[in-house]
Amino acid sequence: MSMSKKCMLVVIGACLLTMLMGVSGFAQKGLEVAPDVPRNETLILENPTGRVRNPDNFNRWAPGMDGYSNGLQQLALDTLWYIDPDAGIDGVWDNALAAEKPIYNKDFTQMTVKLRKGIYWSDGVEFTADDVVYTVETLKANPSMMNGGSFKVFVDKVYKTDDYTVVFELTKPHSRFHGLFTVRWSATFIMPKHVFEKEADPVAFKFNPPVSLGAYVLKDYDKAGGWFLWQRREDWQRTSVAKFGMPGPKYALYIDPGPSDQRVIAQINHNLDVIHDIAPEGMITLAKRNPTSRGWFKGFPWAHPDPTLPAIILNNERPPLNNKDVRWALTLTIDIVPVAMASYRGAATISAIHVPPTGMYPQLYFDPLQEWLKNFTLDIDGEKFAPYDPDAPLRIANEARASLGDQVPTDPAEIKKALGSGWWQYAPEMAEKLLLKQGLTRDSNGKWLLPDGTPWKIRIIVEGPTRPIMTRGAEMIAEQWRSFGIDAQTEVANDIWTTRLPLGDFDAAMAWCIETWGGHPDLFWFLESWHSEYYRPEGERVVFKNIMRYKNENIDKIIEELRSLDFDDPRCLELGKEYIKTCVEDMPIIPIMSYNVFTVCDEYYWEGFPTAENPYTNPVPNWANTKYMFPMIKPKAVK
């Protein structure tokens, strides 16, 4: 398996040449992206990793490898179940390698899995229960590998009762154990036993070439990490995605297309079918210059809202942030309209509550809670103040329309579908009353002083240029807090995720600690770690998602009840609403918006991409769920 130098020049050189010269190099009948690889049979996608550092390593289970967004987890690997962050092709839940949903005993100490028959590895070996058992036992014995630590903690025994039935005996009740095998973005993918068992060290093994369980196999890759070419298996019918039909592209090419501006030029020239993400300004350029470019929304705000919730994370251990009146005061001194304009040029999907406004959540949580939010009040100096502003999205749209004109919708229903259901009022006079009530004062210059008389300083840590949209939003919030009299600044922290947030070395951060399934109402995936039994004080490494170091007795009760319920129990949705109400009252973090990704699909060579009108899966190309996009897209006529 090799590709000539000519191929590399065609794939990389032609892309760069057309980017620089503005020539529609691929928009020609008969053009090839590699020898015998026709352009019109090839879907070209951005690999958001960029240039892969260790391109010869395909061991997705080993620590330290970064080549999983190059098609590996999307096209070649597979696992038991998938939950789509959007609507799904046939509902949000898909039994992939499993034949049905997980089967638990009464006290959730045992999980049984029934496997699908007729699934084969790309080398012709049948997929069976032996592969699942081997995967779990190998990862459990090597805790540094993918989910190995979780298996070590929760799995007492794993065994098969026949070739298509696997039983897990758990060390303690765990009603969400199946989540380890359920893709949200990734999960525990199944290893080929017949390949790995021949290796003495499964951690060091590079799994090159990868034996595929998905509908594609690796055809070739750039030894410098710039591109990876996959080919549809001749026996694609023997894979889990086959029930949805034949994947449309015969080939899939994941490339490093360069910075945002080069991605824009490449798509204008039809050299990049799927852009992972670009700056809002790049999306505006594509909307004006390339009629076949299509975002999630047909027009403004274009971007796909991912099931994550960027927020102002407040360190609940540090006074005065350990006081909910203070946290609410900070919320009421944020004007969400300038924040949306600074971060996304207005193309932000805002959220007043502590779940992202994405996937099925508008129907599951946002719409049902609108009346409660409108009636919610704060007690300020003996008076009731209703802080919710359902018209905030309309104000954002009006502001964006000043620069984008007719691209911004005018229908209030369409605006709220795209930009969110509402946010909190900008009410600095109410914020002042809350702070005075808690003993804070202003000096002669109007600057806020803490109860001990020292100036109140807040530093919002951000990722800087690596996360520009969130950094711009944080800078606007800091500016608003300064205008209110707080010494607020942003601080770029390169170690934000490795040290600062995990150890609590911060006042505030523009980041996210809430990530959800998107298509399923259950919140346990992130919420479990908010239980007070997992609480770690500042200086100790946090457990999973409680980076704000928040404790609440009602949240504990919600988590404990969730532990005792089946994943699909309707009661889980009601508990989710109770969680949201508790967080609104306490405001442990300040929710801002979903992480909107400007994934842009070019409908020049291909059609049928997922959109807000047909939300059958997430189009963001590094998600493993995008395997569902391949049988749904079809080639268009060759130009």
Side-chain angles (χ1 to χ4, degrees), residues 309-334 336 350-357 365-366 369 372-381 384-389 422-425 427 430-431 433-435 437-440 458 477 481 501 504 506-516 523-524 526-538 542-562 574-593:
L309 185 71
I312 294 294
I313 310 294
L314 301 171
N315 188 337
N316 283 224
E317 270 200 346
R318 291 190 175 180
L321 302 176
N322 59 345
N323 185 298
K324 74 174 184 178
D325 280 350
V326 173
R327 298 193 294 265
W328 256 110
L330 290 172
T331 305
L332 296 175
T333 52
I334 296 174
I336 195 63
I350 58 175
S351 176
I353 61 178
H354 295 74
V355 291
Y365 288 116
F366 285 81
L369 287 172
W372 183 88
L373 288 167
K374 291 174 184 177
N375 294 325
F376 171 76
T377 59
L378 298 170
D379 188 352
I380 302 178
D381 283 354
K384 299 294 185 182
F385 172 66
Y388 186 62
D389 177 13
W423 210 72
W424 305 108
Q425 291 189 48
M430 294 298 176
K433 292 179 180 181
L434 287 171
L435 294 180
K437 173 185 172 183
Q438 296 304 324
L440 283 81
I458 297 179
I477 290 171
W481 285 352
L501 291 177
F506 70 101
D507 304 316
M510 186 66 159
W512 61 68
C513 62
I514 294 174
E515 299 174 287
T516 64
L523 304 179
F524 193 80
F526 77 89
L527 188 55
E528 181 187 20
S529 60
W530 289 27
H531 195 285
S532 58
E533 68 187 11
Y534 294 119
Y535 181 84
R536 297 291 184 273
E538 186 174 330
V542 74
V543 175
F544 197 40
K545 294 295 180 181
N546 192 3
I547 55 180
M548 65 284 182
R549 288 166 166 78
Y550 172 58
K551 290 191 289 188
N552 181 285
E553 289 184 3
N554 193 44
I555 295 293
D556 281 356
K557 292 176 182 178
I558 291 169
I559 295 169
E560 288 161 9
E561 186 173 351
L562 282 172
E574 296 308 310
L575 290 172
K577 294 175 184 176
E578 288 302 312
Y579 148 81
I580 290 170
K581 292 177 181 179
T582 301
C583 285
V584 166
E585 291 166 356
D586 256 16
M587 201 57 69
I589 67 175
I590 304 173
I592 303 295
M593 56 198 175

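For clarity, every value in this text was computed on a predicted model and none was experimentally measured.
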Sequence neighbours left out, what passes side-chain contact (heavy atoms from CB on, under 4.5 Å) with [X]? Give chain and number order.
X: Lys437; value: Asp325
X: Ala352; value: Tyr388, Trp423, Trp424
X: Tyr534; value: Glu528, His531, Val543, Arg563

Check: Do Leu330 and Ile312 pass the side-chain contact (heavy atoms from CB on, under 4.5 Å) test, and can you show the C-alpha distance, the side-chain angles, and the key distance before you say yes or no?
Finding: CA-CA 10 Å; Leu330 290 172; Ile312 294 294; over 6 Å; no
Let me confirm one number: the [atom1]-[atom2] distance from [X] to [Y], rounded to the nearest 0.5 Å.
X: Ser529; Y: Ile547; atom1: OG; atom2: CD1; result: 9.5 Å
X: Leu562; Y: Leu523; atom1: CG; atom2: CG; result: 7.5 Å
X: Asp389; Y: Leu373; atom1: CG; atom2: CG; result: 11.5 Å
X: Phe385; Y: Gln425; atom1: CZ; atom2: CD; result: 4.0 Å
X: Arg549; Y: Tyr535; atom1: CZ; atom2: OH; result: 7.0 Å
X: Leu321; Y: Leu314; atom1: CG; atom2: CG; result: 5.5 Å

Pair up each side-chain donor or acceptor in residues 582-593 with any protein partner under 3.5 Å, not counting sequence neighbours, and list the distances.
from	atom 1	to	atom 2	distance (Å)
Thr582	OG1	Asn554	ND2	2.7
Thr582	OG1	Glu578	O	2.9
Asp586	OD2	Tyr550	OH	2.8
Asp586	OD2	Asn552	ND2	3.1

Residues two or more places apart in sequence or in another chain: which of them pass side-chain hydrogen bond (donor to acceptor under 3.5 Å, both in side chains) with [X]?
X: Arg318; answer: Asp507, Glu538
X: Ser532; answer: Asp556
X: Asn322; answer: none
X: Arg327; answer: Asn316

Note to self: Which residues pass the ring pair (Phe, Tyr, Trp, His ring centres under 6.0 Å) test with Trp530, not counting sequence neighbours?
What the structure shows: Phe526, Tyr579
Notebook entry, point to check: Can you name the ring pair (Phe, Tyr, Trp, His ring centres under 6.0 Å) partners of Phe506, sequence neighbours left out?
Noted result: none
Check: Quick one: are Pro357 and Ile350 in side-chain contact, heavy atoms under 4.5 Å?
Finding: no
Note to self: Do Lys384 and Leu378 have side chains that approach each other closer than 4.5 Å (heavy atoms only, starting at C-beta)?
What the structure shows: no
Next item on the list: Report the C-alpha separation of Val542 and Leu501 in whole Å, then their side-chain angles, then the decisive distance to 0.1 Å, and conclude whether the side-chain contact (heavy atoms from CB on, under 4.5 Å) test is met.
Entry: CA-CA 8 Å; Val542 74; Leu501 291 177; over 6 Å; no
Margin query: My understanding is that only residues two or more places apart in sequence, or in another chain, count here; which of them pass salt bridge (Lys or Arg N to Asp or Glu O under 4.0 Å) with Lys374?
Written below: Glu371
Item checked: Non-neighbouring partners of Glu561 that pass salt bridge (Lys or Arg N to Asp or Glu O under 4.0 Å), sequence neighbours left out -> Arg571
Next item on the list: Before accepting this row, confirm whether a basic side-chain N of the pair Lys577/Glu574 lies closer than 4.0 Å to the acidic partner's carboxylate O.
Entry: yes
Notebook entry, point to check: Are any side-chain N or O atoms of Gln438 and backbone N or O atoms of Lys324, one a donor and one an acceptor, separated by less than 3.5 Å?
Noted result: no
